[in-house]
Amino acid sequence: MPDYSFYVNEFLGEEIDGEEEFLRLGRKAEKYLESIIGGEFDKNDSECFDAVCAVAEAYKKYADRDGIASESADGYSVSYEKRAGTELYDAAKLYLPKRLLYRGI
């Protein structure tokens, strides 16, 4: 799994504040990636580091917004964004090596 130093210096991430938060979100990201590829992946595979970072950021962004895209006070209107799963998958797909995404026979 990438560390916070990789996240900041190589991935150039800015959404996650601190090593402890990155570790927590990174573990969630790994579990999510395992769920979409249908098994474990090599945690030392540098090709997957960016995907872990991107999914961790997606978790952070979605949690910060509670899924809300916009709110209006007077008429009390709330618009929700696309589901978290879609945001997570989009982040993973962008960086995960295609060999891990393809489930064909």
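Side-chain atoms are counted along with the backbone in the values below, which use heavy atoms only and exclude waters and symmetry mates.
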Nearest 0.5 Å, please: how far is [atom2] in [Y] from [atom1] in [X]?
X	Y	atom1	atom2	result
Ser5	Glu10	OG	CD	7.5 Å
Glu30	Met1	CD	CE	5.5 Å
Glu15	Glu21	CD	CD	10.0 Å
Ile16	Leu25	CD1	CG	5.0 Å

Heavy-atom donor-acceptor pair, [X] side chain to [Y] backbone, under 3.5 Å:
X	Y	result
Tyr4	Gly18	yes
Tyr32	Tyr89	yes
Lys93	Lys98	no

Heavy-atom closest pair, residues [X] and [Y]:
X	Y	value
Gly26	Val52	O-CG1, 4.0 Å
Phe41	Leu33	CE2-CB, 3.8 Å
Ala29	Ala56	CB-N, 3.7 Å

(Q) Considering only residues two or more places apart or on different chains, which pairs with a residue in residues 40-49 satisfy salt bridge (charged side-chain N to carboxylate O under 4.0 Å, His left out)? (A) Glu34-Lys43, Asp45-Arg99, Glu47-Arg99
Q: Mind checking side-chain contact (heavy atoms from CB on, under 4.5 Å) for Phe11 and listing every partner two or more places apart, or none if nothing turns up?
A: Phe6, Tyr7, Asp50, Cys53, Ala54, Glu57, Tyr95
(Q) Can you list everything that forms a side chain to side chain donor-acceptor pair (under 3.5 Å) with Lys28? Sequence neighbours excluded, please. (A) none
(Q) Quick check: do Leu88 and Tyr59 have side-chain heavy atoms less than 4.5 Å from each other? (A) yes
Q. Going by heavy atoms in the side chains, are Leu100 and Cys48 under 4.5 Å from each other?
A. yes
